[in-house]
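Start at 1 and go down the list; that is how both ligands and their atoms are numbered. Reckoned from all heavy atoms, side chains included, excluding hydrogens, waters and symmetry mates. If you're wondering where the values come from, they're calculated on a predicted model, not measured in any experiment.
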Amino acid sequence: MPVTVTTMGWVDTHCHLQLAEQPATQLLERARSVDWMVVPGIDSSSSRAAIELCARHPDRLLPTAGLHPHDAEHFDTEWDDIVALAVSAVAIGETGLDYYRDLSPRESQCENFRHHIALALEVGKPLITHCRDAFSDVYDLIEASGVGPSTVLHCWTGGPRWTKRFLDLGVTFSFAGPVAFETGDTVRRGAALVPPERAMVETDTPYLAPPPHRTEDNEPEWVSLVGAALARVWSMDIDLVSVVTSQRAREVFGGPPGTAI
Ligand SMILES: [Zn+2]
């Protein structure tokens with residue numbers, strides 16, 4: 001019989017350890033309550049860096065490869081590398097649409113997102129999607145492609161209306177710092193509609209630190225503060241939130257060897 005290890009810790013499903021100022025080894029050391037983490041790339045060089053970093057910590061870190069909507073205008077020079085790196089990644093992304101900052105033309109963002117959707121479907125890996133002020137277009141592209149059941153909506157900030165619509169597409173919602181922000185009432189009203197077994201938690205390190213760390217660089221150990229906010233929203237024991245969200249993370253990403261239940 002294979003040995004099965006049952007763990008009770010958190011899974012940080014989205015932390016850019018390769019982009020943090022503090023050394024990843026220190027952040028890993030401090031992340032005592034976190035069993036394992038997903039390290040998303042945002043372009044070819046950060047995806048390569050994620051793959052290299054994760055190869056040094058295969059028991060705790062899993063890499064992804066993708067091109068962020070902010071850099072979608074560089075699609076032509078980036079895409080071949082992303083496709084090649086995807087072989088070594090557990091998921092495709094971070095990609096998506098960002099109409100709040102609009103750092104790349106929206107047409108390029110949609111084209112970039114469409115290619116990631118097709119790649120995720122082709123290789124059978126989850127799609128990590130960033131969606132900021134672009135709910136309608138993200139919804140349409142996911143719905144038209146049928147990629148919903150393998151889509152992770154990272155740092156989900158939708159209110160009740162969009163949360164309900166995306167729920168019907170079969171997506172997984174990953175919650176980050178904003179669900180714990182003082183100004184996060186809309187996010188919490190959306191989260192209240194999400195069945196816990198369809199949710200995961202993340203920090204988006206080094207960004208979006210939850211209170212009481214708002215002005216600091218975020219780090220994986222603080223993912224429990226996101227979990228605590230969800231525990232309040234769902235009136236659920238925080239240990240159960242950790243078990244349920246970690247189980248979903250395993251279903252979506254598989255988890256590092258030896259961590260499967
Ligand atoms: Zn991110």
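Counting backbone and side-chain atoms alike, His130 contributes no N/O/S atom closer than 2.8 Å to the Zn ion (ligand 1). For a distance bound of 2.8 Å, the N, O or S atoms of His14 include one lying that close to the Zn ion (ligand 1).
Of all the N, O or S atoms in Glu94, the one closest to the Zn ion (ligand 1) is OE1. The minimum distance between the Zn ion (ligand 1) and any N, O or S atom of Asp204 involves atom OD1.
Ile128 and Ile51 are assigned to two separate hydrophobic clusters, defined by single-linkage of ILVMFWY side chains at heavy-atom distances under 4.5 Å.
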Open item on the list: Test side-chain contact (heavy atoms from CB on, under 4.5 Å) on Trp10 and Val226; report intermediate values, then the result.
Closed with: CA-CA 10 Å; Trp10 298 97; Val226 175; over 6 Å; no
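Residues Leu28 and Arg60 come closest through the heavy atom pair O-NH1, 2.9 Å.
With Phe181 as the aromatic partner, Arg214 meets the cation-pi criteria of under 6.0 angstrom to the ring centre and within 45 degrees of the ring axis.
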